[in-house]
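Data block below; observations after.
Throughout, a chain's letter reflects where its sequence line sits, starting with A, and its residues are numbered from 1.
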Amino acid sequence: MAYWLFKTEPDVFSIEDLVNSPKSTTRWDGIRNYQARNFLRDQVKKGDQVFIYHSQCKPPGIVGLAKVTVTAYPDPAQFEPDNKYFDERSNPEDPRWVAVDVQHVRTFKEALSLPQIKQIPGLQQMVLLRQGRLSIQPVTDAEAKVILAAAG
DNA sequence: GCCAACGTTGGC
DNA sequence: GCCAACGTTGGC
């Protein structure tokens with residue numbers, strides 16, 4: 001069982017939106033970055049734990065925990081011409097982009113903000129701080145323990 | 001809204 | 001296959 005961090009913009013889709021989704025579950029789609037895609041496609045497994053990170057807000061930070069309920073399958077949005085994630089170069093015979101399903105586990109009473117993360121020893125090597133733009137990223141077991149302890 | 005970081009595209 | 005131009009992400 002591995003840990004991951006998935007980013008989302010709360011103005012677009014927040015952890016509250018996840019809670020309010022049917023069965024508190026949603027399709028995590030629209031990933032259009034190869035490095036993130038490779039993690040999703042090759043390494044994210046059913047039952048893996050996912051830290052939900054809110055970006056583009058004040059303050060950005062980790063707001064809760066979800067889990068993977070369905071492993072990678074072709075992201076339908078890539079084949080829908082009206083969808084903002086449509087990719088005309090993706091071939092249905094060999095889909096370029098994948099999605100997974102995630103289910104809400106819990107929302108932290110207090111979010112762990114980015115400034116806090118930067119200060120906590122043990123989190124300073126997180127991919128989040130080194131590769132700011134990656135929207136799907138691995139979290140080590142040690143980092144996960146620290147995050148969960150800090151989140152109460 | 002600005003700007004740094006960095007991924008992607010396309011000419012050569 | 002290099003690299004400049006361009007687009008996007010995301011913190012501030």
Side-chain angles (χ1 to χ4, degrees), chain A residues 2-21 26-44 48-68 71-102 104-140 142-152:
Chain A
Y3 289 96
W4 302 94
L5 182 147
F6 287 11
K7 287 188 191 173
T8 184
E9 298 177 30
D11 288 348
V12 178
F13 189 86
S14 70
I15 194 164
E16 291 82 13
D17 295 326
L18 178 59
V19 171
N20 294 329
S21 300
T26 194
R27 169 183 296 147
W28 208 270
D29 60 3
I31 301 299
R32 296 292 180 271
N33 166 287
Y34 289 104
Q35 204 179 346
R37 188 279 310 268
N38 292 346
F39 281 130
L40 267 193
R41 186 188 60 190
D42 304 333
Q43 292 184 243
V44 173
D48 282 359
Q49 304 285 108
V50 176
F51 292 106
I52 302 295
Y53 179 90
H54 280 176
S55 65
Q56 309 268 49
C57 59
K58 289 193 246 181
I62 299 171
V63 294
L65 194 63
K67 67 179 178 185
V68 177
T71 49
Y73 56 92
D75 180 353
Q78 68 196 305
F79 304 123
E80 299 166 2
D82 293 337
N83 194 295
K84 79 178 272 206
Y85 296 116
F86 176 62
D87 183 350
E88 62 179 1
R89 294 171 305 172
S90 184
N91 175 2
E93 302 291 313
D94 182 23
R96 181 176 298 198
W97 307 112
V98 299
V100 300
D101 288 356
V102 302
H104 181 261
V105 172
R106 68 191 182 96
T107 301
F108 296 155
K109 273 186 195 156
E110 291 188 37
L112 194 60
S113 73
L114 183 59
Q116 287 177 290
I117 292 168
K118 286 177 176 170
Q119 287 180 1
I120 297 173
L123 297 185
Q124 289 163 354
Q125 295 302 313
M126 283 189 72
V127 175
L128 180 68
L129 303 183
R130 290 180 289 133
Q131 217 178 328
R133 300 186 47 189
L134 189 59
S135 58
I136 303 283
Q137 47 182 265
V139 174
T140 67
E143 288 162 352
K145 272 186 194 164
V146 174
I147 294 166
L148 291 169

Taking the side chain as everything from C-beta on, heavy atoms only, tell me whether A/L128 gets closer than 4.5 Å to A/L114.
yes

Any base atoms under 4.0 Å from [X], or only sugar-phosphate, or nothing? Heavy atoms, all strands.
X     : answer
A/R89 : sugar-phosphate
A/K58 : nothing
A/E9  : nothing

Does the separation of the ring centres of A/F6 and A/W28 fall below 6.0 angstrom?
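They qualify: ring centres under 6.0 Å apart.
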
For the aromatic rings, using the six-membered ring if either is Trp, is the centroid distance between A/Y34 and A/W97 under 6.0 Å?
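Yes, ring centres under 6.0 Å apart.
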
Test side chain to side chain contact (heavy atoms under 4.5 Å, CB included) on A/H54 and A/S14 and set out the steps.
CA-CA 7 Å; A/H54 280 176; A/S14 70; 3.8 Å; yes

Could A/D87 and A/R96 be called an ion pair, given the rule that one side-chain N must be under 4.0 Å from one carboxylate O?
yes

Heavy-atom contact window of chain A on DNA chain B, given 5' to 3' at under 4.0 Å
B/dA5 to B/dT9

